[in-house]
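Order of the sequence lines fixes the chain letters, A, B, ..., with proteins taken first and strands second; residue numbering starts at 1 for each chain.
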Protein chains: 2
Amino acid sequence: MGDVFKALADPTRRYILDELAERDDQTLFEICVRLTGKYQLTSSRQAISQHLELLEAAGLVRTRREGRYKFHTLDTRPLEQIAERWIRNKPQENP
Amino acid sequence: MGDVFKALADPTRRYILDELAERDDQTLFEICVRLTGKYQLTSSRQAISQHLELLEAAGLVRTRREGRYKFHTLDTRPLEQIAERWIRNKPQENP
DNA sequence: TTGATAGGCAAGTGGTTACTTGCCTATAGT
DNA sequence: ACTATAGGCAAGTAACCACTTGCCTATCAA
């Protein structure tokens with residue numbers, strides 16, 4: 001659960017999620033092109049790649065290999081429980 | 001909005017929110033005692049104090065002065081919109 | 001096979017951040 | 001007044017994180 005919050009803590013990663021929310025099944029290069037075009041982000045391919053790794057580790061992005069392409073898809077399930085933790089007065093363990 | 005995510009990215013701060021969700025209007029010392037007792041956290045008073053500052057800046061905690069006491073209260077309103085951003089396919093700007 | 005494309009690996013760097021340490025202010029009790 | 005309590009301020013440290021750099025692997029098209 002902490003991984004999800006850490007993943008969301010970075011603005012570039014939130015832009016990536018925005019992009020994937022608009023269009024699923026994008027490759028790393030597609031994401032790079034669209035991020036720089038749409039939000040004037042200057043991040044390199046490797047930077048985006050590392051962000052995607054982290055997002056996948058947090059369960060927010062799922063990937064699918066096809067030949068030399070790797071497609072990335074947004075998985076919103078971890079987000080659907082986030083706010084629940086403190087709102088309904090029911091703290092859990094973890095961090 | 002990024003401040004909220006950054007605030008939630010730290011496990012100690014999430015414990016603090018847990019604690020405030022259980023009981024509102026706690027002072028810094030109360031929070032310290034309960035955190036160390038309940039979760040075996042070893043953080044010092046100053047560490048917790050700095051976390052509370054950050055949580056207040058993120059809008060997740062509201063404070064109230066009373067004599068030499070400062071009471072801290074959980075404000076869940078920023079949490080109530082968090083998950084909405086990507087779930088309903090409507091990216092916003094920000095970061 | 002050659003070259004181009006899509007992506008991965010790993011070490012290094014600069015800035016951020018969580019935490020400590022030491023001292024200071026203010027309120028309250030005696 | 002004196003002491004203890006609740007909290008604040010600020011500099012320093014160590015770990016972490018985002019990002020770069022350079023090179024490598026794998027797939028596909030010609």
Side-chain angles (χ1 to χ4, degrees), chain A residues 2-20 23-37 39-58 60-73 95, chain B residues 1-20 23-37 39-58 60-73 94-95:
Chain A
D3 291 334
V4 178
F5 291 117
K6 264 193 220 164
L8 293 170
D10 184 84
T12 302
R13 284 194 287 271
R14 292 198 296 277
Y15 279 126
I16 293 176
L17 294 183
D18 283 341
E19 187 49 46
L20 290 177
R23 175 192 290 209
D24 264 336
D25 279 316
Q26 291 195 65
T27 67
L28 171 59
F29 270 90
E30 282 176 309
I31 295 170
C32 285
V33 170
R34 303 184 122 237
L35 285 183
T36 59
Y39 306 107
Q40 277 76 38
L41 293 190
T42 61
S43 305
S44 67
R45 176 183 63 88
Q46 289 84 348
I48 304 289
S49 172
Q50 286 165 14
H51 282 308
L52 285 170
E53 274 184 68
L54 206 151
L55 287 169
E56 191 178 3
L60 289 164
V61 164
R62 319 184 106 248
T63 60
R64 171 174 58 85
R65 261 276 180 193
E66 217 165 278
R68 60 175 162 173
Y69 301 103
K70 188 177 183 183
F71 296 99
H72 302 263
T73 304
Chain B
M1 186 175 189
D3 291 335
V4 178
F5 289 118
K6 264 194 220 164
L8 292 169
D10 185 85
T12 304
R13 283 194 288 271
R14 291 198 295 276
Y15 279 125
I16 293 176
L17 294 183
D18 283 341
E19 187 50 45
L20 289 178
R23 175 190 290 208
D24 264 336
D25 280 316
Q26 293 195 63
T27 67
L28 172 58
F29 270 91
E30 283 176 307
I31 295 170
C32 286
V33 170
R34 304 184 120 236
L35 284 184
T36 58
Y39 306 106
Q40 277 75 41
L41 291 190
T42 61
S43 305
S44 67
R45 176 183 62 87
Q46 291 83 349
I48 304 289
S49 173
Q50 286 164 14
H51 282 308
L52 285 170
E53 273 183 68
L54 205 152
L55 286 169
E56 191 178 1
L60 288 163
V61 164
R62 319 182 105 248
T63 61
R64 172 173 56 89
R65 261 274 179 195
E66 217 165 278
R68 58 174 161 174
Y69 300 103
K70 188 178 183 184
F71 297 98
H72 302 262
T73 304
N94 136 303

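Contact of the Gln26(B) side chain with the Glu19(B) side chain is registered, since non-hydrogen atoms from C-beta on lie closer than 4.5 Å. Two residues are said to be in side-chain contact when any heavy atoms from C-beta on lie closer than 4.5 Å; Asp10(A) and His51(A) meet this criterion. In this structure, the side chains of Leu35(A) and Ile48(A) come closer than 4.5 Å at one or more pairs of heavy atoms.
Residues of residues 63-73 of chain A having a heavy atom closer than 4.0 Å to DNA chain C, listed by number: Arg65(A), Arg68(A), Tyr69(A), Lys70(A).
Scanning both residues, Glu30(A) and Asp25(A), for their nearest heavy atoms gives OE1-O, 3.9 Å. In plain terms, the two heavy atoms of Thr27(B) and Phe71(B) that are nearest each other are CG2-CE2, 3.7 Å. The nearest pair of heavy atoms linking Asp3(A) to Ala58(A) is O-CB, 3.6 Å.
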(message) Pair Leu55(B), Ile16(B) - check side chain to side chain contact (heavy atoms under 4.5 Å, CB included), show working.
(response) CA-CA 9 Å; Leu55(B) 286 169; Ile16(B) 293 176; 3.8 Å; yes
(request) Would you check, one step at a time, whether the test side chain to side chain contact (heavy atoms under 4.5 Å, CB included) holds for Arg34(B) with Tyr39(B)? (result) CA-CA 8 Å; Arg34(B) 304 184 120 236; Tyr39(B) 306 106; over 6 Å; no
(request) Please lay out, stage by stage, how Ile31(A) and Leu52(A) fare under the test side chain to side chain contact (heavy atoms under 4.5 Å, CB included). (result) CA-CA 10 Å; Ile31(A) 295 170; Leu52(A) 285 170; 4.0 Å; yes
(request) Check the pair Leu20(B), Leu60(B) against side chain to side chain contact (heavy atoms under 4.5 Å, CB included), reporting the backbone distance first and the verdict last. (result) CA-CA 10 Å; Leu20(B) 289 178; Leu60(B) 288 163; over 6 Å; no
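Listed by first and then second residue, the salt bridge (Lys or Arg N to Asp or Glu O under 4.0 Å) pairs that reach into residues 41-56 of chain A come to none, sequence neighbours excluded.
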Could you write out each protein N or O paired with an N or O of nucleotides 14-20 of chain D at a distance under 3.5 Å?
residue: dA18(D); atom: OP1; partner: Arg13(A); partner atom: NH1; Å: 3.4
residue: dA18(D); atom: OP1; partner: Arg13(A); partner atom: NH2; Å: 2.6
residue: dC19(D); atom: OP2; partner: His51(A); partner atom: NE2; Å: 2.2
residue: dT20(D); atom: OP2; partner: Ser44(A); partner atom: N; Å: 3.3
residue: dT20(D); atom: OP2; partner: Ser44(A); partner atom: OG; Å: 2.6
residue: dT20(D); atom: O4; partner: Gln50(A); partner atom: NE2; Å: 3.0

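On the nucleic acid side, DNA chain C contacts chain B at distances under 4.0 Å to non-hydrogen atoms, with the end points of that region at dT17(C) to dA28(C).
Each end of the helix from dT1(C)-dA30(D) to dT30(C)-dA1(D) gets its own axis, taken as the rotation carrying the C1' atoms of four end pairs onto the next four within a five-pair window, and the two axes meet at 20° to the nearest 10 degrees.
Under the rule for a side-chain contact (heavy atoms from CB on, under 4.5 Å), Arg68(A) has no partner lying at least two apart in sequence or in another chain.
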